[in-house]
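As structure tokens, the structure follows; a few thoughts come after it.
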Amino acid sequence: MRSFFLDGIEDVDKARAVLSELLPGQTDPWILFNRGGSDALAYMNIEKDDSGELLGPYVIQADISGRHYQETQPLVSLLQSLQARLGGTVTEDR
């Protein structure tokens, strides 16, 4: 599994709304499907940062399915769209 993060999310309600807008019909987790819609590429959740190590109180964690380990471009594009609307910083595996 490979993980990407959008750190520094301040407004969890807005993050939920934007994720649901970009991935209609998905929620907890939000699932990014391949072009044909038949195979899950990545699963996304919003997590609270209780450690204080992240840039904001919430983070969107996106885990790429093992069989799609190298297919990061659709996920990175989605995270960049989220970043443009929510702020934060996109990072890969910690």
Side-chain angles (χ1 to χ4, degrees):
M1 181 172 62
R2 189 171 181 181
S3 298
F4 286 79
F5 304 88
L6 179 56
D7 290 333
I9 304 298
E10 297 290 332
D11 186 340
V12 70
D13 293 328
K14 184 175 180 182
R16 287 181 184 283
V18 172
L19 269 168
S20 294
E21 179 184 325
L22 294 175
L23 299 170
Q26 305 298 319
T27 186
D28 294 319
W30 289 266
I31 302 170
L32 176 63
F33 287 97
N34 66 347
R35 282 186 180 259
S38 62
D39 200 14
L41 297 177
Y43 299 84
M44 287 165 276
N45 290 294
I46 300 173
E47 306 288 338
K48 183 160 178 53
D49 174 33
D50 293 324
S51 70
E53 296 177 11
L54 302 177
L55 302 173
Y58 297 96
V59 60
I60 296 173
Q61 179 173 336
D63 299 318
I64 295 178
S65 169
R67 68 184 169 276
H68 298 290
Y69 189 83
Q70 298 300 322
E71 299 174 48
T72 61
Q73 187 52 45
L75 177 58
V76 170
S77 293
L78 177 64
L79 289 172
Q80 289 171 337
S81 294
L82 289 164
Q83 181 183 31
R85 295 182 59 184
L86 299 171
T89 302
V90 176
T91 58
E92 186 178 354
D93 290 320
R94 293 187 217 156

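Numbers for residues simply follow the sequence, beginning at 1.
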4.5 Å side-chain heavy-atom contact, T72 and E92: no
Measuring from M44:CE to I60:CD1, what's the distance to the nearest 0.5 Å? 8.0 Å
Residues passing the side-chain contact (heavy atoms from CB on, under 4.5 Å) test with V90, sequence neighbours excluded, are L6, L79, Q83
Y43 with V18, same ILVMFWY side-chain cluster at under 4.5 Å: no
L32 and L23, any side-chain heavy atoms less than 4.5 Å apart: yes
Which residues share a side-chain hydrogen bond (donor to acceptor under 3.5 Å, both in side chains) with T27, sequence neighbours left out: none
Qualifying salt bridge (charged side-chain N to carboxylate O under 4.0 Å, His left out) pairs with a residue from residues 20-32, counting only residues at least two apart or across chains: R16-D28, E21-R85
As an exercise, state the distance from CD of E10 to OH of Y58, rounded to the nearest 0.5 Å. 10.0 Å
Cluster question for you: counting only ILVMFWY and a side-chain heavy-atom cut-off of under 4.5 Å, with indirect links fine, are L19 and V76 together? yes
With sequence neighbours excluded, what pairs up with D11 under the salt bridge (Lys or Arg N to Asp or Glu O under 4.0 Å) test? none
Answer yes or no: is there a side-chain heavy-atom contact under 4.5 Å between Q26 and F33? yes
Taking atom CG of D63 and atom CZ of R2, what is their separation to the nearest 0.5 Å? 12.0 Å
Check side-chain hydrogen bond (donor to acceptor under 3.5 Å, both in side chains) between S20 and all other residues, then give those that pass, not counting sequence neighbours. W30
Identify, with sequence neighbours excluded, every residue that meets side-chain hydrogen bond (donor to acceptor under 3.5 Å, both in side chains) alongside D39. R67, H68
Compare all side-chain heavy atoms of I9 with those of I46 and state whether any distance is below 4.5 angstrom. no
Is there a side-chain contact between L75 and L41, using heavy atoms and a 4.5 Å cut-off? no
Supply the atom-to-atom distance K14 NZ to L82 CG, rounded to the nearest 0.5 angstrom. 11.0 Å
